[in-house]
Enquirer: 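Have a look at the structure that comes next, please.
Proteins get letters first, then strands, A, B, ... in listed order; numbering begins at 1 in each. All heavy atoms count here, side chains included; hydrogens, waters and symmetry mates do not. Worth saying up front: this structure is predicted, and the values here are computed from it rather than measured.
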Amino acid sequence: MYILVTRTRPDRVRLRELDADGAPTGPAGTGTDVTLSDAAFAVHARAREDGGVRWVWEDTAEIYPLLLRARLRVQRCHDLRLCHAILRNSALTGASALANAPAGRWDAPAAVPRPETAGSTLFDMDLGGAAEAGGETQDEDARTEFLAQLAAVAASAEPGRLRLLLAAESVGALIAAEMQFAGLPWRSAIHDTLLTAELGPRAATGQRPARLEALAVRIRNELGDQTVNPDSPPELLRALNRAGVQVTTTRAWELEKLSHPVIEPLLRYKKLARLQSANGWYWMETWIVDDRFHPEYLPGGVVTGRWATRGGGALQLPRQIRGAVVADPGWRFVVADAAQLEPRILAALSADTAMASAGRGTDLYAGIVASGVVETRAHAKVAMLGAMYGATSGESGRLLPRLARAYPRALALTESAARAGERGDIVSTRLGRSSPRPGPDWQDEQARGSEDGAGSAAQRRARSQAGDWGRFTRNFIVQGTAAEWALCWMAEIRKGLWALSSAAAPESGAARSAPGPFASVPHLVFFLHDEVIVHTPAALADDVARIVGEAAATAGRLLFGDFPVDFPLTCVVVDSYADAK
DNA sequence: CGAGCCCGCGCG
DNA sequence: AAAGCGCGCGGGCTCG
């Protein structure tokens, strides 16, 4: 059973019940087709949720927060915009009407950024002009799109994989909205203490904190230049050269190799200046509200299927400040990350049983060493990364032939993905997300490079671009399939937590935490590619850890069936994120 | 003065 | 050019 939700006016939604084929189950004006205020929507949705419905809507991030604010979470949805993007590009649906239609509004990026607070936005105003008639059109347009998606999946060569992918993408959108809503516990007082210890007390706007200013003074003295601004790479480079430091960039890893009295204070300055500008007091005041960090997650924000984020730099929380991430009193964190996820994904994708067994019951890189392929874990790691990223030189390049001898199937798969990209072809993940085609500039460059009279410069450019795209497609199949595994993992975690909180409900003995539907139940609060954090009442932490581990195994089976590959986790129960590895 | 680029660096 | 993939963000800087 589906319920299609569309916005008819800024403060109204229409709900239409659809059967399994997407056909309306009753005429307008009956209980199966109603138009409601936002407030009434939440009440109505709560009643319908128990019936095992799947909500179908254009954009989870636009609609779902309405329900979350009313303390309602839903089990299942179908996000039309995200699913359209997958089906539009998938090699599995290339013959569908959906994939061959001209670009339309379903190909546009998500509507305007969604503020947490209700209010008028550009998006609202656009719709406002359409009034009731617009609502009608909007609704039929959404239903038509839904039908096209169902048809594209049904006619594809792998409907099962695509259904799983669309369900995983959609539940990911639910999770993203829930995590943004709940927020990551973040103690401003601790953050402030960490900053003060590193930088000195907070200074007035435009001033450097004491420790940073002292380092700037030392740098100027060592360089014999009282005006150089260490925040300006060009100025710094000129000053370094004048002081006799032979360097062509100001990157820290280049400077590290040199011995000169300015290097030590300069490297410390760079580290602290980064902390101050990226995650300093200004960041804290902008992004931490009521001791919670609420980044906006963008499911499907990366073409590989990884999530992106917007605002606050949630993809790059430095280890330096993870001590500020502390569970509420009576609560704990379960922090888990998938060990060597991408190489394990590659082993399973390529059905390379030798590589899979190297990772069975152990660290995969250690297993590669134990198999005698290379001498050290560091070598195993750099060689694997080289295989997945397309290294050609250096240590990684030198080790690749040994990897290829030991794991021919895995390496053949990455090579063929690279060759496809170099030709301008597309590649696909396990569940059927396909890479984009290279743009017109790329095609032009290739054409110029292979013309009869092409000069060597043109040939070199074409080869270089082809190589770039080949490294992208080489990595796409692994990164993209790993992203699918992570979505399935999170979906299973969510399902397990839901069951756990129903079983343990209503009172697990923990104090209420955040407002909303997660006030007293374990819930996901952070996700980063292959890592999750669950915030849970302390008494349930061990159950949560078990659920997270079982979910990893289930995700592996969902993607790879019986293929014998392990997805072990490092999983810890902690009070502070800083204590997790 | 803002838009958009590059540089550099944090994360996986 | 860190040897190779994917991101977001802030500061400096140039251009219009």
Enquirer: Kindly write out the residues that satisfy salt bridge (charged side-chain N to carboxylate O under 4.0 Å, His left out) with Arg402(A), not counting sequence neighbours, or none if the list is empty.
Expert: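 Per chain and number, Arg402(A) pairs via salt bridge (charged side-chain N to carboxylate O under 4.0 Å, His left out) with Glu375(A).
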
Enquirer: Judged by each residue's nearest nucleotide on DNA chain C, which is more toward the 5′ side, Gly313(A) or Glu235(A)?
Expert: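 In this pair, the answer is Gly313(A).
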
Enquirer: Can you see if the side chain of Thr304(A) gets near the phosphate of dC5(C) - specifically, an N or O under 4.0 Å from OP1 or OP2?
Expert: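 For dC5(C), neither OP1 nor OP2 has a side-chain N or O of Thr304(A) closer than 4.0 Å.
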
Enquirer: Counting only heavy atoms and a strict 4.0 angstrom limit, can you tell me which residues of residues 247-282 of chain A come near DNA chain C?
Expert: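 Of all residues in residues 247-282 of chain A, the ones placing a heavy atom under 4.0 Å from DNA chain C are Arg251(A), Trp253(A), Glu254(A), Arg274(A), Ser277(A).
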
Enquirer: Phe527(A): which residues meet the ring-ring contact (aromatic ring centres under 6.0 Å, His included) condition with it, sequence neighbours left out?
Expert: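 Trp307(A).
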
Enquirer: Between atom OH in Tyr297(A) and atom P in dC7(C), what is the gap in whole Å?
Expert: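 That distance rounds to 18 Å.
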
Enquirer: Using Watson-Crick pairs (N1 to N3, plus N6-O4 or O6-N4) and G-U wobble pairs, both distances under 3.5 Å, which stems of at least 3 pairs involve DNA chain C?
Expert: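 The stems that DNA chain C takes part in, listed by first number, are B:1-12 with C:5-16.
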
Enquirer: Look at the side chain of Ala308(A) and decide which nucleotide, out of dC9(C), dG6(C), dC7(C), has an atom nearest to it.
Expert: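 For the Ala308(A) side chain, the nearest candidate turns out to be dC7(C).
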
Enquirer: What's the closest nucleotide to the Ser396(A) side chain, out of dG4(C), dC7(C), dC9(C)?
Expert: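 Closest of the options to the side chain of Ser396(A): dG4(C).
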
Enquirer: Taking any atom closer than 4.0 angstrom to a non-hydrogen atom of chain A, what span of DNA chain B does the protein reach, first nucleotide to last?
Expert: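 Result: dG8(B) to dG12(B).
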
Enquirer: Could you check whether any side-chain heavy atom of His191(A) comes within less than 4.5 Å of a side-chain heavy atom of Trp283(A), counting everything from C-beta outward?
Expert: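 With C-beta onward as the side chain, the pair touches.
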
Enquirer: Mind running a 4.0 Å heavy-atom check of residues 381-392 of chain A against DNA chain C and sending the residues that fall below it, in number order?
Expert: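 Those residues whose heavy atoms fall under 4.0 Å from DNA chain C, taken from residues 381-392 of chain A in numerical order, are Val382(A), Gly386(A), Tyr389(A), Gly390(A), Ala391(A).
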
Enquirer: Just say parallel, tilted or perpendicular for the rings of His535(A) and Phe333(A), cut-offs at 30° and 60°.
Expert: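 Taking Phe333(A) first and then His535(A), their aromatic rings sit tilted (interplane angle of 30° to 60°).
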
